[in-house]
Amino acid sequence: MKWEQLWLNYNKTTNYIDKEYFANIYQMTQGDIVNNAVKELKMAAMEMFGISITVEKSIGEKQGIILQLNNDDSLGEDGYQIEFEGSKLVLSAPTQKGILYGVFHIIRQAKQGEPLRNIHKKNIPNNKYRMINHWDDFGGNIERGYSGKSFFFGNREIMVNERTKDYARLMASIGINQISINNVNVREGASWLVTKKYLPKVKEIADIFEGYGIKLFLSINYASPIDVGGLDTADPLDDKVINWWQEAAKEIYEYIPNFGGFLVKADSEGRPGPFSYNRDHAQGANMLAKALEPFGGVVIWRCFVYNCRQDWRDTKTDRARAAYDNFATIDGFFASNVILQVKNGPVDFQVREPVSPLFGAMKSTNQILEVQIAQEYTGQQIDLCYLVPMWKEVLDFRTHCKEKLDTVADVVAGRTFGHVKCGMAAVTNTGDDSNWSGHDLAAANLYGYGRLAWNTSLSSEEIAREWISMTYNLDKMHEDTLLEILMGSWATYENYTSPLGIGWMVNISHHYGPNVEGYEYDVWGTYHRANHLAIGVDRTSKGTGMTQQYYPSNTRLYDNIDTCPQELLLFFHRIPYNHKLQSGKTLLQHIYDTHFKGVEEVEEMIKKWETLNEVICPVVYERVKVRFDRQLENSKNWRDVINTYFYRKTLIKDEKGRHIYE
Ligand code: GCW
């Protein structure tokens, strides 16, 4: 099977001003990672400029790039420094990993046609953990995967091949340093991945990863002591259980000394966990943490814990409160090698949600922000949705947990509370499709996630532009066009789908396409409670009280219907259809308008894409075109279903007299 190289597709010749540097590499340090870095330079020099690099182990006279270790602790584990000394560009770092990241920086710079002499700086990532989570099942399917099958697993076998290596290269090139390879819903025999049965093969992947500075993680089944170990309990305080995990950890590290640790989904959506034994999540996580601790491993424990067997008639239980209610009270009880992984929003990766109130709330606990690159609720890589602007909003959100350094970016980078094990994680959108992400333009999300996790102050535009110029060979005008397409796509998707933060309204189970009441009378706790007068759940202090989980200034902001940001109005408030928004429109008219507009915007996007016909390679052009056509159909369907639904509920006509089905 063939696969593409995405942004590592170096085959571009330019009149690059600094290409002479690529003629000589002075490799002053040896090792697997730095050798891989040299390979990248060789490949890039050959494919971009037709230069065959000479590698030497001592510094000679000729212009070139020096790769060497330094003792600058301020650069941390992953940082690097690039300086000029005479005719040499000196890339140095305290670790080989740092050198690898610096090499990818140099290549990026060259590929974008930027002179190397402009780099000249120290570069240190903002986040220590820059993680990717795969939801790949052992059988080969990918949960919420929209780009083919797993390239790690097929038919309960582990696959290791050239693609594994290309994947590691791609991830390292954007700064990813931790990858969990299997689904957090551990099933189809994947519980056995932590045993001798599979560890030799898992090790092969881990070894490849290690050559690119990436640590491998496994998602584990909390009930493994029962399912794998044959015990009668998985109680975290039971000695047999404690011992079972300690032995398991020991064995894992015998095979994979550099193993990262466990990712755990417990007591969530039917997965086993400590609640079954009346233990809380700190007790549950700490037991695993203790087993991993002697080897330097960590437990990444997900906070996606809520009641998924709710009764829709129960208006007291509010799913949006769940993560905070379950975890905020046990702040301070977690071991230092436990990291809580918190989804960006309080519910579940909807197109629009407020930021989870857990950020900033847990002063004594390591936290990782979890985002979803896979477009489960944002168009499934059929519809275009460039997600970096959404993640930027999350990162920039001021929690008010402190006077300064209080944004989500600050919290997860460790700047707020001085945490050392923290950062970002993302559910990936990759699969074995030849272009990795199904929709070619969805690769911008994968690329963008890595670049943003490294440097949270990059703008969405900068990242998009960088991805475009790394991936395609466009002139400025066409680059601008593609940039516009990407930059508007999240707002467009939001326009034609569920309005003002209400979320859901999708088809049940598979989550693509509209179904306004799909989840309304179901057990998942995702209700909008629309009747003929109003829609929404009152989550203010007068309602479910969810707004009180935020620090007071945010509570006030959201409680007050006049200050609540418009895009979140239906997340926090129950509102009559004739309520006037700040724009002066009624809620209902806003819904009609945005839904007509959303479809028009898709039509515009398609027109823009068509202007790229001659400049994007035909295969990619067509692949994207086909998806845009499907997106147009989807957007029309959403528009009509949503508008008709509200028209039927209210019998209020569109002010502009546009066609709404009755
Ligand atoms: O959004 C939900 C998804 C599930 C997923 C779960 C989670 C892996 O629909 O497919 O399970 O979130 O994050 O655990």
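Both counts, for ligands and for their atoms, begin at 1 and track the order of listing.
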Rounded to the nearest 0.5 Å, what separation is found between the OH atom of Tyr519 and the CD1 atom of Ile508? 6.5 Å
Sequence neighbours left out, what passes side chain to side chain donor-acceptor pair (under 3.5 Å) with Asn141? Give chain and number order. Lys149
Distance to 0.1 Å, residue and atom name: give those for the protein heavy atom nearest to atom 6 (C) of ligand 1. Glu269 OE1, 3.3 Å
Can you check which of His510, Lys265, Glu376 brings a heavy atom nearest to atom 9 (O) of ligand 1? Glu376
Kindly confirm or rule out an N or O of Lys343 lying under 3.5 angstrom from an N or O of ligand 1. yes
So which pairs with a foot in residues 343-367 pass salt bridge (charged side-chain N to carboxylate O under 4.0 Å, His left out), sequence neighbours left out? Arg319-Asp348, Lys343-Asp348, Arg352-Glu393, Arg352-Glu494
Mind checking whether Asn183 has an N or O less than 3.5 Å away from an N or O of ligand 1? no
For atom 2 (C) of ligand 1, what's the nearest protein heavy-atom neighbour? Residue, atom name and distance, please. Asp348 OD2, 3.1 Å
Indicate whether the side chain of Gln310 and that of Asp522 have a donor and an acceptor atom separated by less than 3.5 Å. no
Within the structure, is a non-hydrogen atom of Phe349 found at a distance of less than 4.0 Å from ligand 1? no
Is it the side chain, the backbone, both or neither of Val184 that has a heavy atom closer than 4.0 Å to ligand 1? side chain
Distance filter under 4.0 Å to His511 heavy atoms, resulting ligand 1 atoms: 9 (O)
Tyr512 and Asn634: side-chain donor and acceptor closer than 3.5 Å? yes
How about Asn429 and Ser437: does a side-chain donor come under 3.5 Å of a side-chain acceptor? no
Ligand 1 atoms in contact with Glu143 (distance to a heavy atom under 4.0 Å): 4 (C), 5 (C), 8 (C), 10 (O), 11 (O)
Tell me whether the rings of Tyr377 and His511 are parallel (<30°), tilted (30 to 60°) or perpendicular (>60°). parallel
Asn177 side chain to Lys215 side chain, donor-acceptor N/O pair below 3.5 angstrom: no
Residue and atom name of the nearest protein heavy atom (relative to atom 8 (C) of ligand 1), distance in Å to one decimal: Asn185 ND2, 3.2 Å
Per-atom contacts, ligand 1 versus Phe304 - under 4.0 Å to a heavy atom: 6 (C), 7 (C), 12 (O), 13 (O), 14 (O)
For ligand 1, is Gln372 a contact, meaning one of its heavy atoms is under 4.0 Å away? no
